[in-house]
Amino acid sequence: MNESLNSVNESLILVNESLNSVNESLILVNESLNSVNESLNSVNESFILVNESLNSVNESFILVNESLNSVNESLILVNESLNSINKKYITIPEFTGVSV
């Protein structure tokens with residue numbers, strides 16, 4: 001009976017050692033996952049900064065586009081004014097037919 005109890009005790013000691021080993025492995029896995037999580041957080045923060053930069057660039061392009069639209073409207077007004085001046089000072093003779 002004593003030998004059986006000793007055998008059970010030795011088996012339990014081995015089970016305990018195995019469980020300790022599993023626990024240590026799980027601690028390492030947890031540390032690795034924490035490291036991966038920190039890296040992913042860093043990548044996410046970088047993407048947020050890139051997104052903010054791209055939004056800023058987009059806003060700048062919108063402002064440039066609005067400015068170019070304003071310049072275009074001004075050039076249309078200048079063209080209309082020049083056309084009006086041309087009509088006042090330049091006369092084109094009317095074609096009446098073929099002269100022989």
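Computed from a predicted model, the values in this text were never measured in an experiment. Residues take their numbers from the sequence shown, with the count starting at 1. What you see below is based on every heavy atom in this structure, not just the backbone, and it leaves out hydrogens, waters and symmetry mates.
In this structure, Asn55 and Asn51 have side chains that are in contact, with non-hydrogen atoms separated by less than 4.5 Å.
In this structure, CE in Met1 is found 5.0 Å from CG in Leu5, a value given to the nearest 0.5 Å. Distance check, rounded to the nearest 0.5 Å: CG of Leu82 to CG of Leu77 gives 11.0 Å. To the nearest 0.5 Å, atom CG of residue Asn72 and atom OG of residue Ser67 are 12.5 Å apart.
Between the side chain of Ser21 and the main chain of Glu17, no donor-acceptor pair closer than 3.5 Å is present.
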